[in-house]
Amino acid sequence: MERRVKALNGRPVKEQADYVLYWAQMNRRADSNHALAYAIQLANERRLPVLVYEGLTCTYPYANDRMHSFVLEGVPEMRRRLQARGIGYHFHLRRTRHDPDDRLYKLAARAAAIVTDDYPTFIARRHNGSVPTKVDIPYFAVDSSCIVPMGQMEKREYAAYTIRPKIHRLLPHFLTPVEKTAVRRPFQLTLDEEPTAVTDVAASVAACEIDHSVKPSLSYEGGRLAAERTLNEFIANRLRRYAREKNEPSAHATSDLSPYLHFGQISSLEVALAAMVAADEHKLIAGEFLEELIVRRELAFNFAAFSADVESFDNIPDWARKTMAAHDGDRRDFVYSREQFEHAQTHDPLWNAAQKEMLLRGKIHGYYRMYWGKKIIEWSATHQDALRTMIYLHDRYALDGRDPATYTNILWCFGMHDRPWQERAVFGMLRYMSYDGMKRKTNVEAYLKEIEFLERTGKDPFRPKQV
DNA sequence: ATCGGCTCGCGCAA
DNA sequence: TGCGCGAAGCCGAT
């Protein structure tokens with residue numbers, strides 16, 4: 001457990017305290033959560049109860065109905081599962097920027113220690129830099145996102161092939177379920193602060209001062225139950241096709257778990273274990289799926305953990321920066337504005353369909369997303385413009401945005417974790433992808449039809465919401 | 001349909 | 001120091 005846990009301030013545990021506080025910033029789940037397990041351990045050692053705090057504010061960049069409803073849909077089941085284990089749960093929705101932003105500190109005033117998630121991007125990264133100095137109790141950040149903890153890697157890895165053997169060497173040790181330790185003291189305290197009840201998600205979202213123009217995903221409902229259903233359906237119906245059809249978007253052979261992984265409503269550890277059990281029982285091949293779920297996902301966390309700024313070209317290798325500099329002034333055949341990209345108004349029907357999938361579903365199939373990114377490079381005035389556009393569109397519309405995997409996928413388009421290829425205009429030696437290649441290798445027509453149906457009917461036959 | 005060249009640099013073997 | 005090979009390819013030759 002040691003390498004998972006970082007003590008971020010050297011404060012001593014407070015002796016006179018009412019509970020140990022787990023602040024669920026990124027791993028919004030009661031199950032398979034190393035950080036919660038650590039909070040329980042600390043509490044049990046001191047015969048204290050555990051209180052889980054989960055917050056949602058309206059002030060993070062591009063806060064909108066899509067992100068908010070996905071998080072809020074998880075709240076009732078989170079409460080149910082924690083209460084069933086005798087763990088306190090306090091959810092707080094900060095509706096407007098005029099509401100006080102001090103709930104964590106209020107709850108921390110009665111806590112012996114704070115445990116939270118070690119997470120290398122977005123708000124959690126900033127919080128874990130600033131909050132530890134503002135509290136007078138210990139502040140522990142626990143890596144419950146990765147199977148092999150980020151702290152096990154001593155440096156930034158160059159590519160998948162350099163981290164793969166290291167991960168595989170450590171997997172036997174880390175690929176084990178999180179122990180579900182019972183709490184010794186059930187949480188029975190009354191708090192002065194009022195938690196936010198979530199009974200009607202749409203009403204709660206409507207009451208927030210956020211961007212209401214980005215509607216909830218047509219396809220992905222948030223929450224633990226939806227996450228478990230998605231995992232079970234993947235294992236029952238799609239895992240057997242994954243290796244062969246993962247790059248055929250119209251075949252729907254991928255897991256669709258990235259939104260749930262990003263918001264921590266399910267852990268990659270329990271997904272990996274479930275895939276391995278299924279592979280064992282039904283003689284399925286899980287290797288290719290586990291490669292993506294573990295090696296490539298954790299390469300992304302390794303990159304983010306060692307990067308000063310995950311949104312910068314500073315991260316890409318020298319050859320890529322040099323070749324871009326040499327080609328930044330090349331003439332572009334098409335140049336689109338951010339708004340034209342955003343509203344899917346290019347000349348390319350496949351690109352537009354991928355962007356519409358982003359607008360409607362809230363994520364793009366992994367294979368077409370590479371094409372989507374490469375074309376933004378091809379049709380932007382500068383490489384820097386292309387990078388900004390990709391980050392903006394993910395931040396605003398993608399349920400799997402703001403994640404280490406997001407930035408890695410984007411920077412991969414600019415050569416990170418990749419190698420040079422034959423030089424050509426605009427791209428230089430960055431890998432190029434073409435419409436003809438997509439046409440040759442995938443069923444573009446079926447995908448266009450699928451997205452057209454989504455757009456016309458507002459319904460996703462491949463992922464009916466269970467409302 | 002299949003194949004080699006394109007091009008850089010990491011990490012390991014020697 | 002040499003060598004193999006890499007996160008999703010393209011293109012032209014055969």
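All values reported here derive from a predicted model rather than from experimental measurement. Proteins come first, then strands; the chains are lettered A, B, ... in the order of their sequence lines, and each starts at number 1.
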Just checking A/Lys246: base, sugar-phosphate only, or nothing, at a heavy-atom cut-off of under 4.0 Å? nothing

Taken to the nearest whole Å, CH2/A/Trp412 to C1'/C/dG6 is 12 Å

Can you tell me, in whole Å, how much space there is between the P of C/dC11 and that of B/dT7? 15 Å

Go through the steps for A/Arg338 and A/Asp385 under the test salt bridge (Lys or Arg N to Asp or Glu O under 4.0 Å), then give the verdict. CA-CA 9 Å; A/Arg338 173 196 268 196; A/Asp385 283 358; over 6 Å; no

May I ask you to check whether A/Tyr407 and A/Phe303 place their ring centers less than 6.0 Å from one another? no

What contact category does A/Arg440 fall into here, base, sugar-phosphate, or nothing, at under 4.0 angstrom with non-hydrogen atoms? sugar-phosphate

Measuring from the side chain of A/Tyr367 (C-beta onward, heavy atoms only), which nucleotide among C/dG9, C/dA7, C/dC11 has the closest atom? C/dG9

Euclidean distance for C1', C/dA7 against C/dC3 (whole angstrom): 22 Å

Whole-Å distance separating the CZ atom of A/Phe414 from the P atom of C/dG9: 18 Å

A/Arg164 vs C/dA7: side-chain N/O to OP1/OP2 distance below 4.0 Å: yes

Taking the six-membered ring for Trp, are the ring centroids of A/Phe427 and A/His327 within less than 6.0 Å of each other? no

Is any NZ, NE, NH1 or NH2 atom of the basic residue among A/Glu248 and A/Lys441 found under 4.0 Å from an Asp or Glu carboxylate oxygen of the other? no

note: A/Leu299, atom CG; C/dA7, atom C1'; distance rounded to Å ~ 9 Å

Spacing of A/Ile294 atom CD1 relative to C/dA7 atom C1', expressed in whole Å: 16 Å

Is the distance from OP1 or OP2 of C/dG9 to the nearest side-chain N or O of A/Arg424 less than 4.0 Å? no

Using a cut-off of 6.0 Å, state whether more than 12 heavy atoms not belonging to A/Lys155 lie near its atom NZ. yes

Rounded to whole Å, NZ of A/Lys439 lies from P of C/dG9 at a distance of 18 Å

C/dC5 C1' sits how many Å from A/Asp418 CG, rounded? 13 Å

Would you say the ring centroid of A/Phe234 lies under 6.0 angstrom from that of A/Phe289? yes

State whether A/Arg396 and A/Asp211 are salt-bridged, where the test is any N-O pair (Lys NZ or Arg NE/NH1/NH2 against Asp/Glu carboxylate O) under 4.0 Å. yes

Once pairs are restricted to Watson-Crick or G-U wobble with both distances under 3.5 Å, how does DNA chain B read as a dot-bracket string, [ ] for crossings and | for other-strand pairs? ||||||.||||||.

Interatomic distance at P, B/dC10 relative to C/dG9, whole Å: 24 Å

Which nucleotides of nucleotides 7-14 of chain B have their base under 4.0 Å from a protein heavy atom (B), which only their sugar-phosphate (S), and which neither (-), written as one string 5' to 3'? BBBBS---

So with a 6.0 Å cut-off around CD of A/Glu179, is the heavy-atom count from everything else above 12? no

Could you tell me how the ring of A/Tyr435 sits relative to the ring of A/Tyr371: parallel (under 30°), tilted (30 to 60°) or perpendicular (over 60°)? tilted

A/Lys374 vs C/dC10: side-chain N/O to OP1/OP2 distance below 4.0 Å: no

Flag if over 12 foreign heavy atoms under 6.0 Å of NZ, A/Lys459: no

Give me the distance, rounded to whole Å, that separates B/dG9 from C/dC10 when you measure between the P atoms they each carry. 23 Å

